[in-house]
Amino acid sequence: MFRGLGIVLPPLLTILVLIWAWKTIESYVLRPTEWIVRSGLVWYAEWDEGTLKKIPPGVTTQPDGSFFYDGFEYVAGPTGRRYLPKAVVTTVDQHADYFTEDAPALVSANAYWHRYIQYVWMPRQIVVPVFLVVFLTLLYFMGRMFTFGLGRWFFRGFDAAILRIPVINKVYGSVKQVTDFAFSERELEFNNVVAIQYPSKGIWSLGFVTGKSIRQLAEVNGEPMLSVLMPTSPMPMTGFTVTVRRSDAIDIDMTIDEAIQFVVSCGVVVPPQQRDDRAVEKSERSRGKLRDGAVVLPSPTASGNSGDPSTV
């Protein structure tokens with residue numbers, strides 16, 4: 001079961017993160033933009049005699065209250081105080097199942113126009129692709145604009161103004177550090193994978209060499225020093241930096257990706273060239289004993305099972 005979860009969870013979590021990102025963009029960017037554009041189109045449609053405030057003089061009213069004007073048949077809206085084309089009302093009523101629960105209630109002629117524009121002029125299969133193209137294009141040009149010239153000056157001024165506001169500057173500063181690290185074009189280069197005795201002698205930990213360390217430390221120790229990033233399990237994107245002598249680091253025959261997989265899996269995933277498949281006999285394993293309620297480990301010279309019934 002756990003092996004199956006290990007295979008399924010990575011793509012599943014990736015999909016969930018992408019869905020969360022899309023839902024966020026949809027809720028805070030797409031829907032407000034869509035509403036603004038649709039409201040503008042509705043305003044234009046109503047202004048262009050799409051909605052009449054009263055029955056024009058000289059027209060003949062039908063028994064059902066409808067009338068023909070300028071080549072279109074008009075009917076009364078839900079309130080009876082506005083008149084709109086019958087084709088709009090018919091289209092909306094025939095496709096009521098197309099609209100979601102958050103659509104405006106049909107309590108006015110304006111609500112009918114909103115739904116009509118949404119169904120005929122702004123269907124979802126057209127709005128989403130157009131929005132993505134425009135949104136990504138704007139992001140690209142905004143990034144180019146804020147990188148050079150006036151855009152950079154404006155961006156720096158905006159940062160300085162936000163960082164002067166109490167409380168908000170703490171949140172904004174932290175978020176900006178994360179986004180700058182995640183989206184910066186500068187990359188943290190790992191040279192190779194090494195093993196060092198850390199946090200104490202006899203305990204080996206994997207790390208990534210990021211470069212040569214401070215020159216003064218190398219002069220004091222009389223040999224080259226290395227800066228090593230020590231990742232933490234199971235989240236290798238967090239960790240800490242240590243400085244070690246070059247002679248204290250052992251180069252490991254593993255790629256950066258293999259080392260990251262090793263750290264993420266807490267040592268379970270070992271690359272094929274580093275696997276030690278030698279079987280360990282049961283009798284060779286150290287076994288402790290219960291003595292006065294405590295576990296006492298055997299000395300290195302102890303061999304096999306002593307036959308003590310207290311052995312655990």
Side-chain angles (χ1 to χ4, degrees), residues 1-22 24 143 159 169-280 285-286 297:
M1 181 181 71
F2 291 105
R3 187 178 297 274
L5 287 176
I7 297 174
V8 173
L9 280 180
L12 180 61
L13 292 177
T14 302
I15 294 174
L16 290 177
V17 170
L18 292 177
I19 292 176
W20 171 82
W22 168 247
T24 302
D159 271 355
N169 58 357
K170 303 298 182 182
V171 178
Y172 179 80
S174 301
V175 173
K176 188 175 185 303
Q177 289 179 1
V178 174
T179 55
D180 287 347
F181 177 78
F183 298 104
S184 174
E185 294 182 357
R186 298 187 299 255
E187 295 183 356
L188 182 62
E189 181 179 357
F190 297 143
N191 297 327
N192 58 294
V193 181
V194 296
I196 63 174
Q197 296 191 70
Y198 186 88
S200 61
K201 187 175 182 180
I203 300 178
W204 293 89
S205 302
L206 292 186
F208 304 115
V209 177
T210 58
K212 296 181 180 179
S213 188
I214 303 173
R215 177 175 57 84
Q216 187 175 356
L217 292 177
E219 293 175 352
V220 171
N221 287 276
E223 63 174 296
M225 305 291 290
L226 296 178
S227 294
V228 181
L229 174 63
M230 307 300 297
T232 55
S233 296
M235 302 291 287
M237 65 282 299
T238 61
F240 44 90
T241 304
V242 297
T243 301
V244 298
R245 291 189 293 264
R246 181 66 186 87
S247 59
D248 291 337
I250 299 177
D251 291 327
I252 302 298
D253 181 20
M254 295 173 63
T255 65
I256 301 299
D257 291 339
E258 290 172 342
I260 292 177
Q261 292 177 3
F262 178 83
V263 174
V264 171
S265 65
C266 299
V268 175
V269 179
V270 181
Q273 73 275 13
Q274 294 291 353
R275 291 177 184 167
D276 188 358
D277 296 327
R278 292 174 297 177
V280 179
R285 300 176 183 174
S286 299
L297 295 177

On a heavy-atom basis, which atom in [X] and which in [Y] lie closest, and how many Å separate them?
X      : Y      : value
Leu206 : Met230 : O-CE, 3.4 Å
Tyr198 : Ser205 : O-OG, 2.6 Å
Leu226 : Ser213 : C-CB, 4.0 Å
Leu229 : Gly239 : CD1-C, 4.5 Å

For Arg275, does the CZ atom have more than 12 heavy-atom neighbours from other residues, nucleotides or ligands under 6.0 Å away? yes

Can you find a heavy atom in the side chain of [X] that is under 4.5 Å from one in the side chain of [Y]?
X      : Y      : answer
Val194 : Ile252 : no
Asn192 : Asp251 : yes
Val17  : Thr14  : no
Val242 : Ile196 : yes
Val228 : Phe208 : no
Phe240 : Thr232 : yes

Could you state the interatomic distance from [atom1] ([X]) to [atom2] ([Y]), rounded to the nearest 0.5 Å?
X      : Y      : atom1 : atom2 : value
Arg245 : Leu217 : CZ    : CG    : 11.0 Å
Met225 : Gln216 : CE    : CD    : 11.5 Å
Ser247 : Asn221 : OG    : CG    : 8.5 Å

**Item:** Carboxylate-amine/guanidinium contact Asp248 Lys201, below 4.0 Å
**Value:** no

Check whether any side-chain N or O of [X] sits under 3.5 Å from a backbone N or O of [Y] as a donor-acceptor pair, and report yes or no.
X      : Y      : value
Glu223 : Ala218 : no
Thr210 : Ser227 : yes
Gln197 : Gly202 : yes

- If we ignore angles and hydrogens, is there a donor and acceptor under 3.5 Å between the side chains of Gln273 and Glu258? yes

Audit row: Ile250, Trp204, side-chain contact (heavy atoms from CB on, under 4.5 Å) steps and yes/no
CA-CA 10 Å; Ile250 299 177; Trp204 293 89; 3.6 Å; yes

